[in-house]
Amino acid sequence: MSNLRLVRVPSLAHAEYADASIVGAGSEVILLAGVCQLDEDGVVVSPGDVAAQTRAALENMDAVLRRCGAALEDVAFLRILVATDEPNDLGLAWTVVREHFGRHEVPATLQGVSVLGYPNQLVEIEPIATRSPG
C-alpha cells in the first residue's frame, strides 16, 4: 500500500472525486503509459462501444498496476480520454470508471478528444499511482 491521502476542499462544489491527492515522502510514483482496450493480439475490443472499451481499458490498467506492485487504492490521479464530441459518451465512460474504482474517489480529468492512436479506439486511460518502496 502507498502513502496516499485524498483531499477535499469543503467550500468547493464536488463531483465524485477528490480535489487533490498527496503522496507522502518516501513513496515511489508509478507513471503508467496510456492504457488502451487492446486484447492480447493488439486489436481494439468492442468497436463503437464506449462503456465496453472503458471496462477493457480498466482491466488492462489493473494488470499493469498489479505488475508494478500497486492496486486501485494506490492510484493518485487519473485522466480519461474519450474520442467524442458527445457529453453523453463522456458521462458513460465516467460511470464505468466510478463503478470500477468504488470508494476510492481518485482525482480525475475526463476529456473529449478528436482522435486516439488505434483504429476504432474510443477510450484511453492515463493513471498515476504510488507505492511504498520495496
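Throughout, numbering of the chain's residues begins at 1 and tracks the sequence.
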Do Leu72 and His100 touch side chain to side chain, with heavy atoms closer than 4.5 Å? yes
Under a 3.5 Å cutoff, is there a donor and acceptor pairing between the side chains of Asp74 and His104? no
If you look at every heavy atom in Leu6 and Ala18, which pair is closest and at what distance? CB-CB, 3.8 Å
Testing the basics here: between Pro119 and Val44, what is the closest heavy-atom pair and its distance to 0.1 Å? O-CG2, 3.5 Å
Show the numbers, then the answer: is there a side-chain contact (heavy atoms from CB on, under 4.5 Å) between Thr109 and Phe77? CA-CA 8 Å; Thr109 297; Phe77 181 78; 3.5 Å; yes
Would you say the side-chain atoms of Arg98 pair up with the backbone N or O of Gly102, donor to acceptor, closer than 3.5 Å? yes
Under the salt bridge (Lys or Arg N to Asp or Glu O under 4.0 Å) rule, what pairs show up with a residue in residues 20-39, not counting sequence neighbours? Glu28-Arg131
Steps toward side-chain contact (heavy atoms from CB on, under 4.5 Å) verdict (Thr130, Ile30): CA-CA 5 Å; Thr130 182; Ile30 305 165; over 6 Å; no
Closest heavy-atom contact between Val97 and Leu58? CA-CD1, 3.9 Å
Kindly give the heavy-atom pair with the smallest separation between Ala93 and Ile80, and that separation in Å. CB-CG2, 4.5 Å
Within the 4.5 Å heavy-atom criterion, are Leu12 and Asp19 side-chain neighbours or not? yes
Could you walk me through whether Thr84 and Leu90 satisfy the side-chain contact (heavy atoms from CB on, under 4.5 Å) test, starting with their C-alpha distance in whole Å, then the side-chain angles of each, then the deciding distance to 0.1 Å, before giving a yes or no? CA-CA 8 Å; Thr84 187; Leu90 294 171; 4.1 Å; yes
Assess whether side-chain contact (heavy atoms from CB on, under 4.5 Å) is satisfied between Val50 and Leu92, documenting all intermediate values. CA-CA 7 Å; Val50 170; Leu92 184 56; 4.1 Å; yes
Quick one: does Gln121's side chain have a donor or acceptor within less than 3.5 Å of a partner on Tyr118's backbone? yes
Where Ala83 and Ser114 come nearest, the two heavy atoms and their spacing: CB-O, 4.4 Å
The test is salt bridge (charged side-chain N to carboxylate O under 4.0 Å, His left out); show your working for Glu105 and Arg8 and say whether it passes. CA-CA 10 Å; Glu105 296 181 339; Arg8 287 188 173 266; 2.5 Å; yes
Sub-3.5 Å donor-acceptor pair from the side chain of Gln53 to the main-chain atoms of Leu38, do we have one? no
Could you pull out the closest heavy-atom pair between Phe101 and Met61, with the gap in Å? CZ-CE, 3.7 Å
